[in-house]
Amino acid sequence: EEELASLRGLECGVLRVGASTTVATYFLPPLLARFHREHPGVTLRVVSANTRAIARRLLEGRLDIALVEGPVSHERISVIPWREDELVVIAPASHPLVHKRRVRAADLIDEPFILREPGSGTRVVAEAALAEHGVHPGTTVQLGSTEAIKQAVAAGLGLAVVSRAAAADQLALGYIAVVPLQSAAFKRDLRRALTELRLTGRAPSAAAAAFRAAMSTSRA
């Protein structure tokens, strides 16, 4: 019924959007607001979960748009680059590493890290980047949201790797700070692509095509 409604244009219908946690919280809201202004008759149904869960929902046919922050590899899914995101290592504002001019990867080896849950795109990228530079953090706390991680870092429970966009509010308030990494290669490895997942061979609805057009003009 939703697909038939979409054939009548964008005056009605439903658009089901799924996004991984960081994307849903910090990148998706302006897109949703713009789409709603331009197509108020389309009902938006939005779900936020980690990258693994979003990919699974797409495969089950439960999403029209799927945006994620972590790597996905599946024979039925095409991965389309959307925009770039920068990850940073954050620490409590009073942490000694914050006040060093340049921090080497070796300086992080004995530091406790706070990580997202398994299946999180941020965790996958962060662990790969840290491991590439010889850092295999022990987990003091595992939390299911970036907001909770920022609060835990501010409270002094450990370091964390999060999107700079996600950290912006707490950085501005001075509760946390970015650890100044020395290695340009390390910082480069902490950059990642935010991507759209598409089912191979599936034609988009009119609403999905309009949403993708809005996405193409919002790339950073």
Side-chain angles (χ1 to χ4, degrees), residues 19-27 49-55 67-73 79 81-195 220:
S20 55
T21 309
T22 298
V23 176
T25 305
Y26 305 102
F27 295 94
N50 65 39
T51 295
R52 184 186 300 169
I54 293 300
L67 302 172
V68 299
E69 63 215 55
V72 173
S73 178
V79 180
W82 172 35
R83 60 189 297 170
E84 196 173 67
D85 184 32
E86 178 190 6
L87 298 180
V88 292
V89 180
I90 58 171
S94 59
H95 197 285
L97 289 180
V98 170
H99 304 290
K100 296 184 67 172
R101 292 191 61 184
R102 290 291 183 269
V103 174
R104 299 169 302 149
D107 297 326
L108 303 177
I109 289 177
D110 294 325
E111 293 291 336
F113 274 76
I114 305 166
L115 302 177
R116 284 281 305 279
E117 78 287 354
S120 158
T122 297
R123 176 169 178 163
V124 171
V125 175
E127 286 188 322
L130 291 169
E132 178 68 21
H133 295 272
V135 182
H136 302 277
T139 306
T140 55
V141 179
Q142 180 175 289
L143 296 174
S145 78
T146 301
E147 291 300 310
I149 286 178
K150 290 188 298 182
Q151 295 296 328
V153 170
L157 291 180
L159 310 185
V161 178
V162 300
S163 167
R164 183 181 285 276
D169 55 350
Q170 296 295 306
L171 290 172
L173 291 170
Y175 297 143
I176 62 175
V178 173
V179 175
L181 299 175
Q182 180 181 46
S183 169
F186 199 165
K187 289 186 283 187
R188 185 170 57 250
D189 289 340
L190 285 172
R191 299 193 71 86
R192 62 179 176 181
L194 304 181
T195 60

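These numbers come from the heavy atoms of this one structure, side chains and all, not from hydrogens, waters or symmetry mates.
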For the residue pair Val135 and Pro137, establish whether any side-chain heavy-atom pair is separated by less than 4.5 Å.
-> yes
Can you measure from CD (Gln151) to CD1 (Ile114) and round to the nearest 0.5 angstrom?
-> 10.5 Å
Sequence neighbours excluded and cut-off under 3.5 Å, please list the side-chain donor-acceptor pairs for residues 87-100, or say none.
unit_1 : atom_1 : unit_2 : atom_2 : d
His95  : ND1    : Leu97  : N      : 3.1
His95  : NE2    : Glu111 : OE1    : 3.1
His99  : NE2    : Ala93  : O      : 3.4
Lys100 : NZ     : Asp107 : OD2    : 3.2

Any side-chain heavy-atom pair from Leu194 and Glu84 closer than 4.5 angstrom?
-> no
Report yes if the side chains of His133 and Asp189 come closer than 4.5 Å at any heavy-atom pair, otherwise no.
-> yes
Straight-line distance of Glu132 CD to Leu190 CG, nearest 0.5 Å = 11.0 Å
Cut-off 3.5 Å, side chains only: do Arg101 and Gln182 have a donor facing an acceptor?
-> no
State, to 0.1 Å, how close Gln142 and Arg116 come at their nearest heavy-atom pair, and which atoms those are.
-> CG-O, 3.7 Å
Which value, rounded to the nearest 0.5 Å, describes the distance between Leu159 atom CG and Ile149 atom CD1?
-> 12.0 Å
With a 4.5 Å limit on heavy-atom distance, are the side chains of Phe113 and Val141 in contact?
-> no
Least distance between heavy atoms, Asp85 atom then Ser163 atom | OD1-OG, 2.9 Å
Closest approach of Ala165 to Phe27 (non-hydrogen atoms, all atoms of both residues) | CB-CZ, 3.9 Å
Where is the tightest heavy-atom contact between Ala129 and Phe186, given as atom of each residue plus distance?
-> O-CE2, 3.9 Å
Does a side-chain heavy-atom distance below 4.5 Å link Ser20 with Thr51?
-> yes
Closest heavy-atom pair, Thr146 versus Val162, reported as atoms and distance to 0.1 Å, is CG2-CG1, 3.9 Å
Would you name the heavy atoms of Ala152 and Leu143 that are closest together and state the gap between them?
-> CB-CD1, 3.9 Å
With side chains defined as the heavy atoms from C-beta onward, is the minimum distance between Ser120 and Thr21 less than 4.5 Å?
-> no
Test side chain to side chain contact (heavy atoms under 4.5 Å, CB included) on Leu181 and Leu108 and set out the steps.
-> CA-CA 10 Å; Leu181 299 175; Leu108 303 177; 4.1 Å; yes
Side chains of Glu127 and His136: closer than 4.5 Å at any heavy-atom pair?
-> no
Stepwise side chain to side chain contact (heavy atoms under 4.5 Å, CB included) check, Tyr175 with Val153 = CA-CA 9 Å; Tyr175 297 143; Val153 170; over 6 Å; no
Check: Thr122 and Arg192 side chains under 4.5 Å, non-hydrogen atoms | yes
Apply side chain to side chain contact (heavy atoms under 4.5 Å, CB included) to Val23 and Val68, showing your working.
-> CA-CA 7 Å; Val23 176; Val68 299; 5.9 Å; no
So does Lys150 pair up with Asp169, basic N to acidic O under 4.0 Å?
-> yes
With rounding to the nearest 0.5 Å, note down the distance linking OH in Tyr26 to CD in Glu69.
-> 10.5 Å
